[in-house]
Amino acid sequence: MRKEIIINAAASETRIAITEDGRLAELFVETANREKMVGDIYLGKVAKVMPGIKAAFIDLGLKQDGFLHFSDIGRRFEEYSAMMGEEDDGEGEDVKEGVAEPAVVATQGTSTPVQPEAPPRKARENGRPPRKEIQLTKGQDIIVQITKEPVGKKGVRVTSEVSLAGRFLVLLPFDGKVGISKKITSFKEKRRLRKIVQSILPEGFGVIIRTVAEGQHDAALRKDLEHLIETWREIERTVKAENPPCLLYKDMATTSGVIRDLFSNDVSRVVIDSKKLHREIRAYIKYTSPQLLEKIELHKDREPIFDKYGVEKEIETTLSRKVWLKSGGYIIIEPTEAMVVIDVNSGRYAAKKEQEQNSLRTDLEAAREICRQLRLRDIGGIIVCDFIDLEDERNKRKVFEELRKEFRKDRAKVTVLPMTEFGLVQITRQRIRQSILHSFTEACPACGGTGLVQSKTTTLNQLERWIRRFKTETKELRLILRVNPELASMLHKGPISRLTKIMVKFFVRIKVESDPLIPIGEFRCLSVKQGKDITEKFK
């Protein structure tokens with residue numbers, strides 16, 4: 001698979017496209033008002049403890065408080081408290097929740113510690129000691145790291161287990177363990193890397209060895225570790241000097257983060273259309289992975305970089321609810337408040353003969369495209385896919401296995417359940433940030449994001465009811481009616497227009513004024529006598 005990173009930098013926006021075999025696979029967009037937040041470390045203050053939902057809200061100085069679930073409070077909580085000069089006295093004014101020992105999950109990107117929530121009774125049954133209770137009190141200072149971007153009206157999600165991502169290593173303060181990425185499959189290479197890291201790792205620190213560390217010499221790993229430890233020492237100094245809430249550490253911007261996390265030997269080239277960004281990326285790679293320098297290119301053509309590589313056209317599909325398949329079928333992607341629903345349709349590919357095989361071919365092609373679209377749009381949460389009905393259980397299994405195979409390319413954690421008897425496949429995908437659609441779109445002011453507006457007939461019926469109430473309560477005879485031009489045209493249509501019928505029926509003279517800024521589903525009525533808008537008075 002040929003993998004490329006293409007970067008388009010403008011004054012107010014930077015777009016990073018990752019292509020696989022010439023097709024757009026992932027897209028990152030960074031603007032001045034939409035900066036990446038995952039990885040940022042804050043000194044916060046506990047704003048509220050909510051035992052009922054096993055969570056606390058942390059004041060970070062942002063628009064919305066951060067959400068800290070009790071399962072994201074790690075076993076090293078006391079060490080972080082000691083950094084701030086605080087000791088846990090075991091007392092607090094709110095109900096508290098115990099926390100289990102964390103297990104580190106190593107991924108291609110920044111690793112996030114995960115704490116299993118086994119109950120204390122079960123822990124004792126398995127011969128392990130019960131969980132130690134962690135005390136959280138309103139007003140308490142706490143060090144947290146952002147693990148999820150704000151989504152809609154929800155604030156960021158945070159964890160008290162801090163990690164610092166470098167080029168080859170992820171530093172875990174106070175942990176003392178050495179983990180390694182599961183994507184490094186060679187046992188010999190794992191043993192070599194572990195031995196190098198253990199020999200240079202200071203006491204009291206843990207690390208996760210990242211996938212890009214494969215094949216690296218000890219000098220590169222040592223340099224990366226020294227940089228991470230110095231960054232942590234700076235955070236320790238900042239903690240003692242600042243008052244919460246405050247930002248302790250700002251992780252790399254999106255572009256730098258993509259280069260750090262994704263630029264490895266399997267990438268054939270990186271093409272950039274900005275001289276400044278080109279110099280910065282070369283300087284970083286020269287410091288961390290000089291063997292990759294020859295893969296970095298500066299785009300000098302007059303043709304826009306995304307046009308040349310066919311990315312611009314593919315971006316348009318991310319804004320469309322309908323995505324066509326090569327076979328003639330298509331998928332419909334419908335985001336809702338609770339989940340994303342995807343419908344697979346055969347379209348033109350609906351031959352009557354060999355229906356089962358035709359349906360299978362369409363479903364398999366749709367499965368590959370669904371996996372690609374979820375990565376491309378960065379859709380997270382619950383996804384339900386309605387595939388074309390299949391009779392043979394073996395064929396249903398083939399679609400399920402195709403989905404699992406394609407999702408192996410996805411860096412986000414994905415869970416796929418087998419197809420049900422109704423042809424539905426349920427998927428959960430890790431949500432780190434808002435869908436890419438939020439970077440390009442906003443809710444329509446006319447429909448409020450639903451895609452539907454009130455019919456013109458319904459609006460005219462509402463108008464007629466308004467006039468009835470108006471005439472019942474007043475003796476005024478003249479009105480000015482402001483409506484959308486389409487509604488104005490409908491009012492004047494016909495030999496005896498609907499406007500004429502309304503005026504005769506209610507004995508009122510109405511002057512219609514067209515206003516394109518008024519939505520089709522609304523109208524404004526002004527009293528000629530009073531000289532003011534009286535619409536709300538008689539609604």
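Note on Glu226 versus Lys223: no salt bridge recorded, every NZ/NE/NH1/NH2 to OD/OE distance being 4.0 Å or above. Using a 4.0 Å cut-off between charged side-chain N and carboxylate O, Lys48 and Asp65 make no salt bridge. For the pair Glu230 and Arg233, the salt-bridge criterion is not met [side-chain N within less than 4.0 Å of a carboxylate O]. A salt bridge does not link Lys398 with Glu401: none of the charged nitrogens is closer than 4.0 Å to a carboxylate oxygen.
A donor-acceptor pair under 3.5 Å links the side-chain atoms of Thr159 to the main chain of Asp72, judged by distance alone. Between the side chain of Gln198 and the backbone N or O of Val178 there is no donor-acceptor pair closer than 3.5 Å. A donor-acceptor pair is defined here as one N or O able to donate and one able to accept, closer than 3.5 Å; no such pair exists between the side chain of Glu13 and the backbone of Val29. The main-chain N or O of Lys45 is never found under 3.5 Å from a side-chain atom of Asp59 such that the two would form a donor-acceptor pair. Although no hydrogens or angles enter the test, the distance criterion places a donor-acceptor pair under 3.5 Å between the side chain of Asp224 and the main chain of Phe168.
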Please report the C-alpha distance between Val341 and Asp386 in whole Å, then the side-chain angles of each, then the deciding distance to 0.1 Å, and finally whether the side chain to side chain contact (heavy atoms under 4.5 Å, CB included) criterion is met.
CA-CA 8 Å; Val341 180; Asp386 181 12; 5.8 Å; no
Hey, mind stepping through Tyr249 and Glu234 against side chain to side chain contact (heavy atoms under 4.5 Å, CB included) and telling me if it holds?
CA-CA 9 Å; Tyr249 168 76; Glu234 182 60 33; over 6 Å; no
Could you go through the salt bridge (Lys or Arg N to Asp or Glu O under 4.0 Å) check for Lys409 and Glu26 one step at a time?
CA-CA 11 Å; Lys409 302 175 185 175; Glu26 292 185 67; over 6 Å; no
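Residues satisfying the ring pair (Phe, Tyr, Trp, His ring centres under 6.0 Å) test with Phe400, not counting sequence neighbours, are none. Scored by the side chain to side chain contact (heavy atoms under 4.5 Å, CB included) test, Glu402 finds Leu364, Ala367, Arg368, Lys405, Glu406 as partners (sequence neighbours excluded). Take Phe407 and apply the ring pair (Phe, Tyr, Trp, His ring centres under 6.0 Å) test, not counting sequence neighbours, and it matches no residue. Lys195 is linked by a side chain to side chain contact (heavy atoms under 4.5 Å, CB included) to nothing, counting only residues two or more places apart in sequence or in another chain. By the side chain to side chain contact (heavy atoms under 4.5 Å, CB included) test, Ala412 pairs with Asp410, Arg429, Gln430, sequence neighbours left out.
In the displayed structure, Arg194 atom CZ is contacted under 6.0 Å by more than 12 heavy atoms of other residues, nucleotides or ligands. When the shell of 6.0 Å around CD1 of Ile382 is examined, it contains 12 or fewer heavy atoms from other residues, nucleotides or ligands.
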Under 3.5 Å, which donor-acceptor pairs do the side chains of residues 36-44 form with other protein atoms, sequence neighbours left out?
| unit_1 | atom_1 | unit_2 | atom_2 | d |
| --- | --- | --- | --- | --- |
| Lys36 | NZ | Val38 | O | 3.1 |
| Lys36 | NZ | Asp251 | OD2 | 2.9 |
| Lys36 | NZ | Met252 | O | 3.3 |
| Asp40 | OD1 | Asp251 | N | 2.9 |
| Asp40 | OD2 | Lys250 | NZ | 2.9 |

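Using a 4.5 Å cut-off on side-chain heavy atoms (C-beta onward), Val158 and Thr147 make no contact. Between Ile180 and Ile208 there is no side-chain heavy-atom pair separated by less than 4.5 Å. Ser274 has its side chain out of reach of Ile7: every pair of non-hydrogen atoms, C-beta onward, lies at least 4.5 Å apart. Residues Phe263 and Thr288 form no side-chain contact, since every pair of their non-hydrogen atoms from C-beta on lies 4.5 Å or further apart. Annotation: side chain of Arg260 is in contact with side chain of Arg210 (closest heavy-atom distance under 4.5 Å). By the 4.5 Å heavy-atom criterion applied to side chains, Leu193 and Leu221 are counted as neighbours. Here the side chains of Ile315 and Leu24 are in contact, with some heavy-atom distance below 4.5 Å. Annotation: side chain of Cys385 is not in contact with side chain of Val344 (no heavy-atom distance under 4.5 Å).
Between atom CG of residue Leu262 and atom CD1 of residue Ile5 there is a gap of 5.5 Å, rounded to the nearest 0.5 Å. Rounding to the nearest 0.5 Å places CG of Leu27 at 6.0 Å from CZ of Phe306.
When all heavy atoms of Leu68 and Ser160 are compared, the closest pair comes out as CD1-N, 4.0 Å.
Cation-pi geometry between Lys54 and Phe70 is not met: the NZ or CZ atom fails to fall both under 6.0 Å from the ring centre and inside 45° of the normal.
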